[in-house]
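Just so it is clear: chains get the letters A, B, ... in the order the sequence lines come, proteins before strands, and each one is counted from 1.
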Protein chains: 2
Amino acid sequence: MTKMHKENNLTKNEQIVFDLIEKSREPVKAYSILSNVKKKGIKAPPQVYRALEKLIKVGKIHKVESKNSFVVCKNTNCEVSNATAFSICQVCEKVTEIVNSKLSKYLKSFQDNTGMRYKKYNLEFFGLCQKCKSK
Amino acid sequence: MTKMHKENNLTKNEQIVFDLIEKSREPVKAYSILSNVKKKGIKAPPQVYRALEKLIKVGKIHKVESKNSFVVCKNTNCEVSNATAFSICQVCEKVTEIVNSKLSKYLKSFQDNTGMRYKKYNLEFFGLCQKCKSK
DNA sequence: CATTAAAATGTTATAATATTACATAATGTT
DNA sequence: AACATTATGTAATATTATAACATTTTAATG
Ligand SMILES: [Zn+2]
Ligand SMILES: [Zn+2]
Ligand SMILES: [Zn+2]
Ligand SMILES: [Zn+2]
């Protein structure tokens, strides 16, 4: 097979899945990805889920857990996906990645009551986006 | 039907599901709940999911999104479930609800870069629990 | 370049999670 | 009692995700 991917280290299927998520500009679900990349030759769920897993691992995308959806990282790969925060509109379901160094510093240095620190977190905020608030 | 529930406002099925989650003392999955309450007369997924939805709404349980599991609230119902934080061990999968007023104050008053505030959040921290760290 | 090992892909099937739709029963209100 | 509302029962199906195994591609080695 020819080298179809760009000058990063993504494989062909990973690149196809990444391109689709990036293009969509809103959270995408795995089976939506699947149906949209059929024309590119990806035919079955495992091909999509493998790509998603790898893309998450290298920090190029994140999973929005409350929506079982995937978005491209807007934040220099979030230190390889160990520190993610999202803003989610409860009305229109718009999802935005929060890039805020004060917040990430606070959470990365957070110690719980037992003194435990954490390597990784995921935070999802819910509210009304600007557009929905002004309606 | 006789009034089977206790002096709260839970219905029969809600009480059955709640009792099971409470008893389990670790996150429980919906179909695990279902199989364990069959003997109580709950036979189908919608009965479980309806109860879960209501229990979440009133703040008696939370969903741990990254694990598709449910836990009882340890924190005075988290102001009716609008502010939840969990500690999740990456090895043994132990889940603990974090009760920390500094953290909750910080997050409730958090404003993103656009000045937006949020009514609700869910935070999941990942790391090693005491037991797994000392291995 | 032939051989082998490792990584990636292809494919089928199935598991796990969750919801829709509609029927029946219980409860509360007038 | 009549009606509306809430809760429950039930079947079917939709959605999300993984297991298992075969094949192909790529990388590494001699
Ligand atoms: Zn990111
Ligand atoms: Zn909105
Ligand atoms: Zn709680
Ligand atoms: Zn542990």
Any base atoms under 4.0 Å from B/Lys67, or only sugar-phosphate, or nothing? Heavy atoms, all strands.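 Counting heavy atoms under 4.0 Å across all strands, no contact is made by B/Lys67.
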
Cluster companions of [X] among Ile, Leu, Val, Met, Phe, Trp, Tyr (side-chain spacing under 4.5 Å):
X        : answer
A/Leu123 : A/Ile98, A/Leu103, A/Tyr106, A/Leu107, A/Phe110, A/Met116, A/Tyr118, A/Tyr121, A/Phe125, B/Ile98, B/Leu103, B/Tyr106, B/Leu107, B/Phe110, B/Met116, B/Tyr118, B/Tyr121, B/Leu123, B/Phe125
A/Leu128 : A/Val91
A/Val99  : none

Name the closest nucleotide to the [X] side chain, picking from [options].
X       : options                : answer
A/Pro46 : D/dT10, C/dT17, C/dT12 : C/dT12
B/Thr11 : D/dA7, C/dT9, D/dA19   : D/dA7
B/Lys54 : C/dA18, D/dA7, C/dT12  : D/dA7
A/Gln47 : C/dT17, C/dT11, D/dA17 : C/dT11

Return the stacking result for C/dT17 and B/Tyr31: yes when the ring centres lie under 5.5 Å apart and the planes under 30°, no otherwise.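 Aromatic stack with C/dT17 present for B/Tyr31.
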
Stacked pair B/Tyr49-C/dT19, distance under 5.5 Å, angle under 30°: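 According to the criterion (under 5.5 Å, under 30°), no, B/Tyr49 does not stack.
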
Just to confirm, is there a sub-4.0 Å distance from OP1 or OP2 of [N] to any side-chain nitrogen or oxygen of [X]?
X       : N      : value
A/Asn13 : C/dG10 : yes
B/Lys29 : C/dT17 : yes
A/Lys12 : C/dT9  : no
A/Lys40 : C/dT9  : no
B/Asn68 : C/dA16 : no

Let me know the distance between [atom1] of [X] and [atom2] of [N], rounded to the nearest Å.
X       : N      : atom1 : atom2 : value
B/Lys43 : D/dT8  : NZ    : C1'   : 11 Å
A/Leu10 : C/dT9  : CG    : C1'   : 15 Å
A/Glu14 : D/dT26 : CD    : P     : 14 Å
B/Glu53 : C/dT19 : CD    : P     : 8 Å
A/Glu65 : D/dT15 : CD    : P     : 20 Å
A/Leu34 : C/dT12 : CG    : C1'   : 14 Å

Find which nucleotide of DNA chain D each of A/Phe70 and A/Arg50 is nearest to by heavy atoms, and output the residue with the more 5' nucleotide.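 It is A/Phe70 whose nearest nucleotide is closer to the 5' end.
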
Nearest-0.5 Å distance that lies between atom OG in B/Ser101 and atom CG in B/Asn75: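 Spacing of OG (B/Ser101) from CG (B/Asn75) equals 9.5 Å.
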
Give every donor-acceptor pair under 3.5 Å between a side-chain atom in residues 37-50 of chain A and any protein atom, sequence neighbours left out.
unit_1  : atom_1 : unit_2  : atom_2 : d
A/Gln47 : OE1    : A/Lys43 : N      : 2.8
A/Gln47 : OE1    : A/Ala44 : N      : 2.9

Check the pair A/Ser66, B/Glu65 against side chain to side chain donor-acceptor pair (under 3.5 Å), reporting the backbone distance first and the verdict last. CA-CA 6 Å; A/Ser66 64; B/Glu65 291 286 356; 5.4 Å; no

Ionic contact status for A/Lys94 with A/Glu26, cut-off 4.0 Å: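 Salt bridge between A/Glu26 and A/Lys94, a charged N being under 4.0 Å from a carboxylate O: no.
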
So how far off straight is the helix from C/dC1-D/dG30 to C/dT30-D/dA1, going by the axes through five pairs at either end, to 10°?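 Computed from the C1' atoms at both ends, the axes differ by 30°.
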
Kindly write out the residues that satisfy side chain to side chain donor-acceptor pair (under 3.5 Å) with B/Thr96, not counting sequence neighbours, or none if the list is empty.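 Residues passing side chain to side chain donor-acceptor pair (under 3.5 Å) with B/Thr96: none at all.
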
